[in-house]
Amino acid sequence: MDWKKDFIWGTATSSYQIEGAAYEDGKGLSVWDVFTREKGRIYEDHTGEVACNHYHRMKEDVALLAELGVGAYRFSISWPRIIPHGTGEVNEKGLKFYSDLVDELLRHQITPYVTLYHWDYPNELEMQGGWLNPSSPEWFASYTEVVANAFGDRVKNYFTFNEPQIFTWLGYDDCTHAPGIKYPVGRILAMSRNIALAHGMSVIKLRELVPDCRVGYAPTCGNAYWPVEETDILAAKAKELQNTFGSDDWIRSSAFWNELFLKGRFHEKCRDLFGTDLPELTDKERLLIGQPLDFCGMNIYQGTSVSLSDTGELVLGKLPAGHGKTGMGWPITPKAMYWAVKNFYDTYHLPLYITENGMSALDVISLDGKVHDPCRIDYLARHLSELKRAVSDGAEVEGYFIWSFLDNFEWAKGYDDRFGIVYVDYETQRRIPKDSFYWYQHVIKSE
């Protein structure tokens, strides 16, 4: 089976990871600007203050996107770049940067897909309690209004939140991401409620101001479960595991967040797990949160194997000795792509975009001046093959975005990991398309 003719081939980035210009042209501080200044937080104390300098090299980067041949580019907007204090006065220079980016993309026939929130929360709002503040949903709705009014005439595709699992878990529980504040379960659940309300308000605001827009959100798939042997028993168990969670992994579970964002309710397990810590949702709030969406994103990099022992007991995560890993040490598990997509679509019947898929590799500039990354090409090809299998089996998938377009600031790992299909020399800011860039270019042309 071939991909459908209007299948979207794209690639993706996020604002803090590539833009740089952290203190220029009126931009306010984000939690990441503050967090990365704290010694020992980030690998070798790296920061995103310069990153890929995309703020000043935007046209060069869009020209590379055009050379790549993608039909779409997913990028995020830095909330404090356009509203420096998080609320109130709008920074026209920040708006102009994104307006120019959108125009440049459209000039090259590349459709912009905007993510409203990819983790760079305004620091001034964090100092007022951040997502714990009861006003935080209104803050986000006001930010959405600014974006919709500024770009809605040209941008028609939006994701409200990127990976709420990760910025809550790593930011407020594990504390390896900004702002690095440890909260008890009850507070994180309260934050989750406010984030969900913010999502619902944002969807309503977008539909009001951009009536022809399409809206979704982009969760990570968590530990996508896949059966080592594709028997009915193991397939059913993988689906069951994908749609549930326990007290130790709920915060990073796709099941928790999908039920909240897509159904407007806390998962049925939550009352037993959390008791009185679980916030109440009124009928009005459930309707507000569960606004109908046009699609859902899925960020997927790896999965957890499901198998049976010789005695018939369920075994999770067992892989052969020496099983392949990415440069970040994540296991390479392409079958997770098929099972995550299939199980999600069977559960929610909502069209999907693969909004992130890719791998960190130990890329270097070779003696011939090029960057050869056959392992990344193999990884991507295997995952696309499994994605096509899911589509063949009935899943509705509208597009695929490689993560990432550029090597970039990889959060707590700084510049130690490279996910890009374009190599960035951070000393000179020179861009070098990798072999995977040309492989993907060929895939797009051939499809």
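Small disclaimer: the values here were computed from a predicted structure and weren't measured.
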So do [Y] and [X] actually touch side chain to side chain, heavy atoms under 4.5 Å?
X	Y	value
Arg265	Ile289	no
Ile77	Phe151	yes
Arg37	Thr47	no
Val341	Glu386	no
Leu105	Thr111	no
Lys370	Ser366	no
Ile18	Arg57	no
Ile188	Trp250	yes

So does [X] pair up with [Y], basic N to acidic O under 4.0 Å?
X	Y	result
Asp346	Lys342	yes
Arg107	Asp100	no
Lys434	Asp363	yes
Lys413	Asp417	yes

Between [X] and [Y], which heavy-atom pair has the shortest distance, and what is it?
X	Y	result
Ala51	Glu19	CB-N, 4.3 Å
Ala336	Ile300	O-CD1, 3.5 Å
Thr13	Leu406	CG2-N, 4.5 Å
Lys237	Leu314	CE-CD2, 3.3 Å
Arg376	Ser360	NH2-C, 4.1 Å
Thr11	Ser404	OG1-C, 3.7 Å

Original post:
Under the criterion side chain to side chain donor-acceptor pair (under 3.5 Å), which of Asn299, Thr115, Thr168 is the partner of Glu163?
Top reply: Asn299
Is [X] close enough and on-axis enough to [Y], meaning under 6.0 Å and within 45°, for cation-pi?
X	Y	result
Arg74	Phe159	yes
Arg389	Tyr338	yes
Arg418	Tyr423	yes
Arg81	Tyr55	yes

Could you tell me if [Y] and [X] have a donor-acceptor pair between their side chains, going purely by distance under 3.5 Å?
X	Y	answer
Tyr225	Ser305	no
Asn162	Ser76	no
Ser202	Thr144	yes
Glu410	Tyr415	no
Asp373	Ser436	yes
Glu145	Ser142	no
Gln429	Arg431	yes

Counting neighbours of [atom1] on [X] that are heavy atoms of other residues, nucleotides or ligands and sit closer than 6.0 Å, is the number greater than 12?
X	atom1	value
His442	NE2	no
Asp232	CG	no
Lys325	NZ	no
Ile233	CD1	no

Backbone N or O of [Y] within a donor-acceptor pair of the [X] side chain at under 3.5 Å?
X	Y	result
Asn343	Ala340	no
Tyr440	Gly10	yes
Trp403	Phe419	no
Thr428	Arg430	yes
His383	Asn357	no
Gln165	Pro219	no
Ser30	Tyr121	no
Ser392	Lys388	yes

First locate atom [atom1] of [X], then atom [atom2] of [Y], and finally report the distance between them rounded to the nearest 0.5 Å.
X	Y	atom1	atom2	value
Met58	Phe75	CE	CZ	9.5 Å
Trp131	Phe140	CH2	CZ	5.5 Å
Arg41	Trp411	CZ	CH2	15.0 Å
Lys269	Phe256	NZ	CZ	12.5 Å
Gln242	Phe344	CD	CZ	10.5 Å
Tyr217	Met298	OH	CE	9.5 Å

Original post:
Would you say the ring centroid of Trp119 lies under 6.0 angstrom from that of Tyr117?
Top reply: no
Subject >> Distance flag, aromatic centroids of His267 and Phe245, threshold under 6.0 Å >> reply: yes
Parallel, tilted or perpendicular: rings of [Y] and [X] (30°, 60°):
X	Y	value
Trp32	Phe409	perpendicular
Phe161	Phe167	parallel
Phe97	His54	perpendicular

Subject >> Matching residue for Trp9 among Tyr73, Phe401, Trp3 - test: ring-ring contact (aromatic ring centres under 6.0 Å, His included) >> reply: Trp3
Subject >> Verdict with reasoning, Glu398 to Tyr353, per side chain to side chain donor-acceptor pair (under 3.5 Å) >> reply: CA-CA 5 Å; Glu398 297 193 358; Tyr353 284 96; 3.0 Å; yes
